[in-house]
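To find a chain, count down the sequence lines: A is the first, B the second, and so on, and within it residues start at 1.
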Number of protein chains: 2
Amino acid sequence: MSDKINDLMPTAAHTAVSGDGMPPKQKTRIQITNEAKILEAALDVFSQDGFRGATLDRIASAADMSKPNLLYYFKNKEMIHIALLAGLLDIWLTPLSEISATGDPTLEIGGYIKRKLEISREYPRESRLFANEILAGAPHIGDFLRTKLKKLVDEKAEILQRWVDNGRLAPCDPRHLLFAIWSTTQHYADFSVQVRLVLGLEAEDNSYYEEASQMLETLFLSQLIKTHDCD
Amino acid sequence: MSDKINDLMPTAAHTAVSGDGMPPKQKTRIQITNEAKILEAALDVFSQDGFRGATLDRIASAADMSKPNLLYYFKNKEMIHIALLAGLLDIWLTPLSEISATGDPTLEIGGYIKRKLEISREYPRESRLFANEILAGAPHIGDFLRTKLKKLVDEKAEILQRWVDNGRLAPCDPRHLLFAIWSTTQHYADFSVQVRLVLGLEAEDNSYYEEASQMLETLFLSQLIKTHDCD
DNA sequence: TAACATTTTTACCGGCTGGTCAAATATTCA
DNA sequence: TGAATATTTGACCAGCCGGTAAAAATGTTA
């Protein structure tokens, strides 16, 4: 498995030769719009069916393009997938990297949860794309998880641990606290079909996000953070 | 999409004609072992790659069988998938159905979380199979979610709501409390690759489940349940 | 052992898969 | 304009896909 996300952003086939001596050549109008069209379509397909389950034919037809035309912009199926993942990982990491050691635990964690839930609501397909990639064994982003993500989690876990040590946060394993935040927030994107069916909502009805926000605040903040009025 | 889980348990092709007047004919030794072998292999493949991403060739080769031989025991790809899902849903629902209105909230919820986490640890592939099915839009179990699961959740949510009303449980939306429990517990199965890579663990190392159990207890019980020594 | 039922294999099918190629068509710009 | 470049198309390919048919092999039982 290739497992290289870095500098594999989408480029038309003829300009995609990275590593050679050529300057990267700026993109055409058509190139920009078509790459965007392809990525949009591919996101729909990959996020539903995963890498293996997705087909170029379906992506092409969703993008309203012929398959060879699609392959003019992306070298192959894998490159489309990698381009999507690369775009996603930024969105993914930013909120975590914004947790500040100097801030207030309640505000920092609360803000993080809120942003994660917003992302879940705004980018549900990206969330499902990510989930599919992990379920498949992370063939494309294993390196990223092992290195960059781990490093960032280690950093932030240290901050959380300090808060625990200072008695500003209920004693808990910081890494698992992050897992709990990830899972609960992403659940509303990844399992949205189940959530809707169980709640009896129509497809596309996102109204449950308000309740979700309330629940997560109750779960993670009202109680977890040590600001009881009783001590 | 067929969407019929009920009475679609695996049967050899020649005995699979349900709905006719024939008695169900008991299974051969060979039939029993081979169906088990197939389901075992299929669980590996489907849980990694989803329904569309999985292929009969890979399932057959994982089961150490020829493809036609495999199709002697299951009518087609979909039937194998449905058989797996049917087997899974029982495991899935049982713990929830065991939540008792007459029990103590802490013990009931705590026990439920514990059992869900145990299932996540014991049946990670089943959990991923389920996750894949939901990500794909629940084409095979949509009816089940809309009817049986919803009904059960409605019942149990009512119990939880009564506990909230009686002040025995922190005010929260019961349904979303269940979602939070589902997501956090299943996360350790569905995203195990990510969990391991972030924690720096080797593949197959399940040691994190102890920490997880501790975390979930802290998150859901120590704080959420209203048994503070301060009131 | 012979008759019968079950299981496995071999050979095969049409359609889809990811992907290539060269020719045809648009677009850009000197 | 026209030459150069960028884009799109259609025809095609080998291999895989889910699945079938029938014969061969194996197991069961009277």
Short side-chain N/O contact to C/dT8 OP1/OP2 from B/Ser66, under 4.0 Å: no

For A/Asn34 and D/dT8, is the shortest distance between a side-chain N/O and OP1 or OP2 below 4.0 Å? yes

Could you check how far CE of A/Met79 sits from P of C/dT20, rounded to whole Å? 12 Å

Side chain of B/Pro68 (C-beta onward), nearest among D/dG18, C/dT10, C/dT20: C/dT10

Side-chain N or O of A/Thr28 versus OP1/OP2 of C/dT28: is the shortest distance under 4.0 Å? no

Between CG of B/Leu71 and C1' of C/dT9 the distance, given in whole Å, is 13 Å

Look at the rings of B/His140 and B/Phe51 and say which category their plane angle falls in: under 30° parallel, 30 to 60° tilted, over 60° perpendicular. perpendicular

Going by salt bridge (Lys or Arg N to Asp or Glu O under 4.0 Å), name the residues that satisfy it together with B/Lys150, two or more places apart in sequence or in a different chain. B/Asp154

Mind checking the CD-CG spacing from B/Glu133 to B/Leu85? Nearest 0.5 Å is all I need. 5.0 Å

Looking only at side-chain N and O atoms, does A/Tyr73 come under 4.0 Å of OP1 or OP2 in D/dT8? yes

Taking the six-membered ring for Trp, are the ring centroids of B/His176 and A/Tyr188 within less than 6.0 Å of each other? yes

Could I get the full list of salt bridge (Lys or Arg N to Asp or Glu O under 4.0 Å) partners for B/Glu98, not counting sequence neighbours? B/Arg115

Partner of A/Asp44 under salt bridge (Lys or Arg N to Asp or Glu O under 4.0 Å), chosen from A/Arg128, A/Arg125, A/Lys37, A/Arg58: A/Arg125

Phosphate contact (D/dT7 OP1 or OP2) by A/Gln31 side-chain N/O below 4.0 Å: yes

Between C/dT27, D/dG18, D/dT20, spot the one nearest the side chain of A/Ile30, thanks. C/dT27

B/Tyr72 vs C/dT8: side-chain N/O to OP1/OP2 distance below 4.0 Å: no

Quick one: B/Asp57 CG to C/dC12 C1', roughly how many Å, whole number? 14 Å

At 4.0 Å (heavy atoms only), tell me whether A/Arg58 reaches a base, stays on the sugar-phosphate, or touches nothing. nothing

Okay, side chain of A/Glu108, backbone of A/Ser100: is any donor-acceptor separation there less than 3.5 Å? yes

Tell me: CG of B/Leu70 to C1' of C/dT10, nearest whole Å? 16 Å

Is there a donor and acceptor pair closer than 3.5 Å between the side chain of B/Lys77 and the base of D/dG19? no

Rounding to the nearest 10°, end axes of the helix from C/dT1-D/dA30 to C/dA30-D/dT1 built from five pairs each make an angle of 10°

Starting at NZ of A/Lys67 and ending at P of C/dC16, how long is that distance when rounded to a whole Å? 11 Å

For B/Asn69 and D/dA23, give me the distance from atom CG to atom P, rounded to whole Å. 18 Å

If you check the B/Arg29 side chain, which of D/dT28, C/dT7, C/dT20 turns out closest? D/dT28

Touch class at under 4.0 angstrom, heavy-atom based, for A/Thr55 against every strand present: sugar-phosphate

